[in-house]
Amino acid sequence: MKAAPFRYERPLELVSALTLVRDPEAKALAGGQSLVPVMAMRLARPQVLVDLARIGELEGIERRDGELVTGAMVRQRTLERFAGLEHELPLVAAALPYVGHREVRNRGTVGGSIAHADPSAELALVAATLRARIEARSLERGREISAAEFVRGPFQTALEPGELVTAVRWPTAGPEDRFAFAEVARRHGDFALCGVAVHLRRGQGRVALARVGLLGVAAVPVVHEVAEQLDGAADPAAVAADVAGQLEPAGDMHASAGYRRRLARVLVERCLRQALGGPSGG
Amino acid sequence: MTVTAPPAAPQETAGRHVGAAVERIEDPRLLVGRGGFIDDLDPIPGALEAAIVRSPHAHARITAFDAARARRAPGVRCVIGPAEVAQMPPFPLTVKTPMPYRPAATDRVRYVGEPVAVVVATSRHLAEDAAELVAVEYEPLTAVVDVRAALHPDAPRLHDEADGNLATDRTMQFGELDGAFANADAVVEGSFSFPRYSSTPIETYGVVAHWEHDGAGDQVTAWCNFHGPFTMQPVIAGALGLAPGQVRLIVPEDIGGSFGIKSGVYAYVALLAIASRHAAAPVRWIEDRIEHLLASSAGNDREMEFAAAVDRDGRVRALRLDLIDNVGAYLRPPEPATLYRCFGNLTGAYAIDAVALRSRAVVTNKAPTGLNRGFGGQQLYFGLERLMDKIAARVGVDPVQLRRRNLIERDAFPYSTPTGGQYDSGDYEAVLDLAVARSGYEELCRRRDEGRRDGRLRGVGIATIVDPSGTNLGYVSIATPPERRVRGREKSGSTEHVRVSVDAGGEVTVILGSTPQGQGHRTVARQVVADRLGIDVEHVHARVEMDTATTPWTVSSGSYSSRFAPLTTSAAIAAADRVAEVLRRAAAVLLECEAGELELAGGQIRVAAEPERAVLFRHAAGLVHWDPGMLDGEALLYADAAYTPPQSRHATTNDEINSSLCYGFVADVVAVEVDPETLEVRVEAVTSVHDCGTVLNPLLVEGQTSGSIAHGLGGATLEELRYGPDGQMVAASFMDYLCPTAAELGFEVAFDHVVTPSPHTPLGAKGAAEGSTMSIPVALANAVSDALAPLGVEIDRLPVHGTVIHELLANRQKGSEWR
Ligand SMILES: Cc1cc2nc3c(=O)[nH]c(=O)nc-3n(C[C@H](O)[C@H](O)[C@H](O)COP(=O)(O)OP(=O)(O)OC[C@H]3O[C@@H](n4cnc5c(N)ncnc54)[C@H](O)[C@@H]3O)c2cc1C
């Protein structure tokens, strides 16, 4: 388990990094929690490794109008401990403790998790559910991509060659927003067999918005809009059964397709009940 | 685990130190990272590094092998492959079925991960780079991974020389079986299957091998984290075409865990020795985690059928067992030992006079198996203790009550089992009573019943098992029918050696060849020897050292089958007694009395009848070194002693054998709750009550028991070396091979002890390192079955977790049998 030979670069500026990653054989290195093991197994063999750790432009958490903007290199643990996170981004605060273990989150980055696009990544699910926006930059241009469209397949994203994720813009919670998150994994810290994130917004006694995001049940995080059903006074159990019935999960040694569907139904119902009954997030 | 220790000291202490909760002297060094593990050693400067090319196929013919490009790669010294390995004689096998086993493939690969070539280079990185350049062409063959499929006449055959995939098959019967079944009020049956899992030691296999040739001939020296049984030393030599004396094994002071798994490293010693010969240089190989999970070793997976002839009141009169072990692609020695390790205690904790056994080992396209903590016990008791619960359900009594009716009674010891076991001591009812009391069994059952009314799925499970320790190696011969065993070549053995010496300042050194892997042998050896010599532990220095060229050892040496407490301590006592004899002679000179009048106590040697007439221990030792002329004849303060228990005899011609020296007892109670929606299994509490005879050091017993519980739960709920039908291993990294972590072990644990000292060991001690690894898997399965009783499903195979229960329920609803 020794990586194939590679060249290591640690640029200090974003432009240098963007120049280096134009090489199709180059790969960005963030926290290394996913990339380094696959390199050790020689399943990834970049010829140039571009370490983003020293690029100040990718650091920092910033409050903007209705948004929290996290630099790509913000460590997951830094975000988890960001004062006020549970009020501004309750769903992120609820999901982060499920990302691996504390030791993994100490190194793992927000941008790395988003860019890696593991089908079971909690941050990608939460980003898709919240309709967060991903900032991407290449030498030529910068652009924003909706998190709902960012993940294209397992470990595949909308990033184009030469592009890096530079930040994630998370819409912060308003007074009418409610959230819930739940997941089941074989062990604490394992990738989830199924995870569910719910974002609900009430307005004038109605359910104005109800998004149910699921992970572990498809190649990418899936988000269902269920406001109409809930507003039509459907029981959360019925909504959950409906959502779960539409899934075509894959099975593996840890969970059969049928079991994943069961988990989806149970967790969606639990999360909907919690969001409908729980305290507001804002 | 939150541990509740027993309320009071469990026993009378045998001496000042034995029985005391002495902290491990091994820990400070290990905790600050100063251990001396194989990869920390640089025994021969300039050792090259090896990387191993492994088969990606479960079953294939090697049609071409070309290492030319790899040999030209930077830093590469040599590449050995099928041609070189084919020149090695196969390892000498335990049974004679023609299924030759070599440490790497020659013309065919039989499991994913089987070594095919070894690349030796100046660094591991370069060796791995070059390993990618080794071109191997394979012609895939159909793989078979399931034992029942492998037994089918049309199954793909792994070894052309053999008639099929059946490696051993023995049928035996003891006692009045047919009558018992004919007259039974009921016959209760069950089919069970036990999974394949490991112990995942943190340190993987490691070998530094050096093949030298000089005027005296060939000599192989290998540093390796091997811990016995040293029966494998001649096996290694056999595969190298050398005499055992030409193979010197040196074991580092520290081994980073094994639990039996590292016994299998011996095959790599042979492989790396050959690599060293071709490289003409010492070669180092440290296994990586993926290699370890794919191809090191694991406990056998087993399919089994049990049947019991039962009376109306639930008394079991006879048992019928049909065991089929999956030993992987080769019957790697010491397999088929898993089938026979529990031979003497086949009937478990129960007074059952008749038993019939068919035991088979079958080769399949999985990696070879071997020792794994509990060795054979977890498999056997999974069947037996699930069956006891089924009998309880049939008879309509509580599982605890059913066990009470069948346990061997306290005044029946020493108890002879139908298969030749001699249970040395025990009070099984007392242990069970204590387990019931400490677990709050009645309360757990009440809560379960109450919860059921609200739709909660709580369950309570129990297992009561006999915990064998101090293996008699002779049990392996049961695999060979008596008429084919050669007279005069029978095998028995539990012998252990220890050396004790005393220097001129009265400091005592104990040399242990016991190859511990973290158990704390040094700590306990000090306690034992200090008591025996009547001195403080501070003056006893215990060292572990295993060098087959210089350390006293025999084939049964090593660390396996929980043999330190019963055997190594006994040898330490014998050695201490020899030096004590000499010290008494020296003290007699100083005190002008007879040596026979003297005793060793309080750092002195004194006249027993007149304790004030005394000399210091160190003065007596000083006399032996400085003024030996005062002593008549030889006066040696170096004593090598062996302990050979007379109870370990070879198998009789009617297939009886006392397969272990000691038989402890364990009663475990597990309380679980299953989430009725997600079907997740949560362990709420575990109670474990043991009788391991005299407790030498309660801290170590608790450490062992905690570890056994964690290991047992790992195997029961998380860990599984699962193969797909094509023979690909699905759990080949820690992403999928799930060991329990602190987060999964957050339940309450209560420990307690009952002490019935063994009459077979000088201290009365029995082994304590495996117990709950044998009982927890089935206790958990019993608990989950109990929890799921309202839903009408039972857990007859492991591991059990959410998806398994989901499928059981789904198939039950479909009305089909799950198996
Ligand atoms: C034991 C363990 C358990 C884990 N459990 C979980 C879990 O439960 N849930 C979960 O979500 N994750 C889990 N992870 C993964 C962890 O969250 C990783 O940190 C994350 O997936 C990748 O982040 P990273 O910063 O380490 O990225 P790296 O490993 O450095 O990179 C990952 C990939 O993203 C690319 N990349 C990184 N940064 C950028 C960027 N700015 N722009 C473009 N591409 C980029 C890299 O080139 C690489 O391909 C676990 C990891 C471990 C080791």
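Below, chains carry the letters A, B, ... as their sequence lines are ordered, and counting in each starts from 1. Below, all heavy atoms of this structure are taken into account, side chains as well, without hydrogens, waters or symmetry copies.
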Undergrad: With only heavy atoms counted, which part of B:T717 is less than 4.5 Å from chain A, the side chain, the backbone, both or neither?
TA: backbone
Undergrad: Above 12 or not: heavy atoms from other molecules or residues under 6.0 Å from CG of A:L43?
TA: yes
Undergrad: Provide the closest heavy-atom pair for B:E680 versus A:V184 in the form atom of the first, atom of the second, distance.
TA: OE2-CG1, 3.5 Å
Undergrad: If the threshold is 4.0 Å, N to carboxylate O, is there a salt bridge linking A:R270 and B:D675?
TA: yes
Undergrad: What residue, out of B:I290, B:L718, B:T741, has the most heavy-atom pairs lying under 4.5 Å from chain A?
TA: B:L718
Undergrad: To check you understand the geometry: which heavy-atom pair defines the closest contact between A:A4 and B:D129, and what is its length?
TA: CA-OD1, 4.3 Å
Undergrad: Counting only non-hydrogen atoms closer than 4.5 Å, does B:H125 touch chain A with its backbone (N, CA, C, O), its side chain (CB onward), both, or neither?
TA: both
Undergrad: Answer whether the closest heavy-atom distance between the side chains of B:L738 and A:H254 falls below 4.5 Å.
TA: yes
Undergrad: Name the option with the most non-hydrogen atom pairs under 4.5 Å to chain B; the candidates are A:R186, A:M41, A:H188.
TA: A:R186
Undergrad: Measure from the side-chain N and O atoms of A:Y259 to the backbone N and O of B:I805, and report whether any donor-acceptor pair falls under 3.5 Å.
TA: no
Undergrad: Take atom CZ of A:R81 as the centre, draw a 6.0 Å sphere, and report whether it contains more than 12 heavy atoms from other residues, nucleotides or ligands.
TA: no
Undergrad: Is the backbone of B:T803 close enough, under 3.5 Å, to the side chain of A:S256 for a donor and an acceptor to pair up by distance?
TA: no
Undergrad: Please classify the contact between B:E744 and chain A as side chain, backbone, both or neither, with a heavy-atom cut-off of under 4.5 Å.
TA: side chain
Undergrad: Using 4.0 Å as the upper bound for N to carboxylate O, is an ion pair formed by B:R722 and A:D252?
TA: no
Undergrad: Once rounded to the nearest 0.5 Å, what's the spacing between atom CE of A:M253 and atom OH of B:Y723?
TA: 11.5 Å
Undergrad: Using 4.0 Å as the upper bound for N to carboxylate O, is an ion pair formed by B:E49 and A:K2?
TA: no
Undergrad: Would A:M1 and B:E291 count as a side chain to side chain contact (heavy atoms under 4.5 Å, CB included) here? Give the steps.
TA: CA-CA 9 Å; A:M1 263 208 273; B:E291 296 182 282; over 6 Å; no
Undergrad: What residue among A:R262, A:R260, A:R261 forms side chain to side chain donor-acceptor pair (under 3.5 Å) with B:H806?
TA: A:R262
